[in-house]
*Asks:* 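Input: one structure, supplied below.
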There are 2 protein chains.
Amino acid sequence: MTRAPPSARPKVRIEEVARAAKVSAATVSRALNNPGLVSFALRTKVDTAAQALGYVAHGAARALASRRSRALGALVPTFANTIFSDAISAFQRRLEAANYTMLLAAFDYDPEVEYRSARTMIERGVDGLMLVGVTHDPRLFALLDASGVPFVQTWAPAKASPHPTIGYDNAALTRMVVDHLVSLGHRDIGMVAGVTEHNDRVRARIAGMRATLQLHSLPFEERRMVFTEYRLGAVRDAFREMQGRGPLPTALVANNDIVAIGLLLEAQAQGIAVPRDLSVVGVGDLEIAAHLQPGLTTVRTPKHSIGTLAAEYLLARIDDRAVSLPAELALELIIRGTTAPPPDRRKDPSP
Amino acid sequence: MTRAPPSARPKVRIEEVARAAKVSAATVSRALNNPGLVSFALRTKVDTAAQALGYVAHGAARALASRRSRALGALVPTFANTIFSDAISAFQRRLEAANYTMLLAAFDYDPEVEYRSARTMIERGVDGLMLVGVTHDPRLFALLDASGVPFVQTWAPAKASPHPTIGYDNAALTRMVVDHLVSLGHRDIGMVAGVTEHNDRVRARIAGMRATLQLHSLPFEERRMVFTEYRLGAVRDAFREMQGRGPLPTALVANNDIVAIGLLLEAQAQGIAVPRDLSVVGVGDLEIAAHLQPGLTTVRTPKHSIGTLAAEYLLARIDDRAVSLPAELALELIIRGTTAPPPDRRKDPSP
DNA sequence: TTGTACGCGTTATCAG
DNA sequence: CTGATAACGCGTACAA
């Protein structure tokens, strides 16, 4: 398929539509973008002409004249797991309804790449930007400030940043989880988390875990904390790493469902019975969580809402409409089969 | 967070950079976009000035003047499963390297939505478009033709369409799978496929299955074919639907790994042993396939290559460079633990 | 309600 | 190699 140069594009311009409808270009523009300002007769005439000629407005010219690109950018750490895809999907769907377009880029948890991508997007003239998390390259904030492009951060509660942010409280999330485990009688709880570098969500969850254990007067030894990348192979390695540090805790808190599944898989491979010998909790409530055998106890996060609200916030800001962001979105602990009282090691299972 | 109107953006324009560098705007433009055309001294002067002022080119103006947006569009059926995310990721990465931006939209297997999204993207001035599959709304082809925007179709072999297409042979895919199963001794093979409407990949796979069975002089009764959506719950229903039609076949070909996993889950729930009582094959080789117990036999598809090659093709077309697309990309059958000889029902397991 | 005329910020053309 | 100047295609005050 080696085709010839794309020759001249038979571009229909507004001028030609105007001629066909026997009106001025200005009227065509109005009829198409602001039908209310034009008499009904003209409006239909213009519509017909535009339709007939297959007129498609030239986005760049329109953006230049109107100072609005009708495009929003979204910057996510990765497409590799489904963690963000629900939010992205909701975001795009909301934009679609508003006749906006989404520019999307993944930055692989690298702030430098994130900064460059953001820069490119701003250069492309996005009217707003959706970010993940609240820790970013300082240059990114400077750029955002200088360009005046509205932006929202996501997956963190409003209080996590002086900038507009939408999400839930990651520390509260692990608190729910730990409370659940403690109420089941667990006193020796470990955590398998993602890499904390450039990831405020993980850091907050770890902090939440530590604080909650302290609240329960339970220790959180360093050996109970192990880090992993979000690949099943890596998670299984992490599991064995923790085993290498001595007898496993009775419960493991995973940073997300992917990690939880990795733990389950490794436990299964080793013949460790879940939840009899070990309880496991995930985060995210991926579709598969409910279908596993036993079902994965996890925290349902408002992925969809985050995407929709982020879009709505940006859209409102663009229109100079007042918007208030919720302080934080609700989480829901979904108790399924991977959590149970710990195997009795000492005495009573719960107070 | 109800902020004041976004006041004036302190936009630095090329004019100011020119003044600061004591050159003309034209020279600034050249120095930045075509450094080769400018003397070294000026180039550095301009670079310094631009840096100092924090100059960021105005994308719309640039696009209008240069007739190039440096943005490519990608239209995929869904973000919901990871089937396309690898390809998208590779696509975007390749664009990034070329200083291009990706516009992305999902159309939920609805050709009407696909058409509208494409239209929006073309209106936004994308320099090229990546499509999935070879069946699209005729209006989409008309639009593509009228606008002259280069495009590639993906996930199908070149021969599947008169238009540039990059992917693999979906019929050959099921042929590999069926050959494998037959060589194991299976003679009663069923298929659990996705909805065929607007999905040429699924149709080709079914055709491949039918043809291959015929080649082996094996029947393919209608009751051996069941359809499902790509949600685990739906897949499990489909499994039971097939059971409702009589004794299960000895092997089930799934349309993709998601479906395969659903089948595995339902089999497990029912106590049907895989692969002893039932063999299952997937398509896609998702990360989890290798980690399941037993490992999922599946076909590895060139997800990454598809994305990269699609980007490269479009980039080349834009530059009027000659490009040749491969006739088709290679597939690899990954034999793991979910396939084995069928439980003996009659006599010899294989010829 | 409609048309005229100008401006949006760059890049490309064409002299010099 | 550099500078002036004319597009690029549309939106929108302003005038009619």
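Per chain, numbering begins at 1; letters A, B, ... match sequence-line order. Small disclaimer: the values here were computed from a predicted structure and weren't measured.
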*Asks:* So, does A:R62 get its side chain near the phosphate of D:dG11, meaning an N or O under 4.0 Å from OP1 or OP2?
*Replies:*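 Yes, such a contact exists.
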*Asks:* Among B:I306, B:L75, B:V134, whose side-chain contact (heavy atoms from CB on, under 4.5 Å) with B:T154 holds?
*Replies:*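 Result: among B:I306, B:L75, B:V134, B:I306 is the only option passing the side-chain contact (heavy atoms from CB on, under 4.5 Å) with B:T154.
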*Asks:* Could you tell me the separation between the CG atom of B:N33 and the C1' atom of C:dA12, rounded to a whole number of Å?
*Replies:*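 Result: 12 Å.
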*Asks:* Can you find a side chain N or O atom of A:Y55 that sits less than 4.0 Å from OP1 or OP2 on D:dG9?
*Replies:*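 Result: no.
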*Asks:* Measure from NZ on B:K45 to P on D:dT2 and round the result to the nearest Å.
*Replies:*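 Value for this atom pair: 9 Å.
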*Asks:* Would you mind reading off the distance between B:R68 atom CZ and C:dT11 atom P, rounded to a whole angstrom?
*Replies:*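 Between P of C:dT11 and CZ of B:R68: 13 Å.
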*Asks:* Does A:R67 place a side-chain N or O at less than 4.0 Å from the phosphate oxygens OP1/OP2 of C:dC8?
*Replies:*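 Result: no.
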*Asks:* Determine the sole option in B:N99, B:I318, B:T101, B:V126 for which the side-chain contact (heavy atoms from CB on, under 4.5 Å) test with B:R70 is passed.
*Replies:*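 Exactly one candidate clears the test, B:N99.
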*Asks:* Rounded to the nearest Å, what distance is computed from the CD atom of residue B:E123 to the C1' atom of nucleotide D:dG9?
*Replies:*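 Result: 13 Å.
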*Asks:* Nearest-Å distance, CD1 (B:I14) to P (C:dT11)?
*Replies:*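 Taking CD1 of B:I14 and P of C:dT11, I get 5 Å after rounding.
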*Asks:* For B:N34 and for B:L64, find the nucleotide of DNA chain C with the closest heavy atom, then tell me which residue's nucleotide is more 5'.
*Replies:*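 Its nearest nucleotide being more 5', the pick is B:L64.
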*Asks:* OP1 or OP2 of C:dT11 versus the side-chain N and O atoms of B:S66: is any pair under 4.0 Å?
*Replies:*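 For C:dT11, OP1/OP2 do not have a side-chain N/O of B:S66 under 4.0 Å.
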*Asks:* Identify each atom pair where a protein N or O and an N or O of nucleotides 2-4 of chain C are less than 3.5 Å apart, giving names and distance.
*Replies:*
residue : atom : partner : partner atom : Å
C:dT2   : OP1  : A:S39   : OG           : 2.8
C:dT2   : OP2  : A:S39   : N            : 2.8
C:dT2   : OP2  : A:S39   : OG           : 3.3
C:dG3   : OP2  : A:S24   : N            : 3.1
C:dG3   : OP2  : A:S24   : OG           : 3.2
C:dG3   : OP2  : A:T27   : OG1          : 2.4
C:dG3   : N7   : A:R30   : NH2          : 2.6
C:dG3   : O6   : A:R30   : NH1          : 3.0

*Asks:* Rounded to the nearest 0.5 Å, how far apart are CD of A:E312 and OG of A:S305?
*Replies:*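 Rounded to the nearest 0.5 Å, the CD-OG separation comes out at 10.0 Å.
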*Asks:* Estimate the overall bend of the helix from C:dT1-D:dA16 to C:dG16-D:dC1 from the end axes over five pairs each, rounded to 10 degrees.
*Replies:*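 About 30° separates the two local helix axes.
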*Asks:* B:R13 has an atom CZ; how far is it from atom P of C:dG9, in whole Å?
*Replies:*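 B:R13 atom CZ is separated from C:dG9 atom P by 5 Å.
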*Asks:* Closest nucleotide of DNA chain D for B:A61 versus for B:G36: which of these residues is on the 5' side?
*Replies:*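 Result: B:G36.
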*Asks:* Tell me: CD1 of B:I122 to C1' of D:dG9, nearest whole Å?
*Replies:*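 Going from B:I122 (CD1) to D:dG9 (C1'), I get 18 Å.
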*Asks:* Write down the distance between CZ (B:R124) and C1' (D:dC10), rounded to a whole number of angstrom.
*Replies:*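 Checked: the CZ to C1' distance equals 14 Å.
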*Asks:* Can you tell me which residue among A:Q153, A:R201, A:E114 is in a side-chain contact (heavy atoms from CB on, under 4.5 Å) with A:V132?
*Replies:*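 Answer to the side-chain contact (heavy atoms from CB on, under 4.5 Å) test with A:V132 among A:Q153, A:R201, A:E114: A:R201.
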*Asks:* Scan B:E112, B:R116, B:R119 and name whichever one has a side-chain contact (heavy atoms from CB on, under 4.5 Å) with B:R139.
*Replies:*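 Filter result, single survivor: B:E112.
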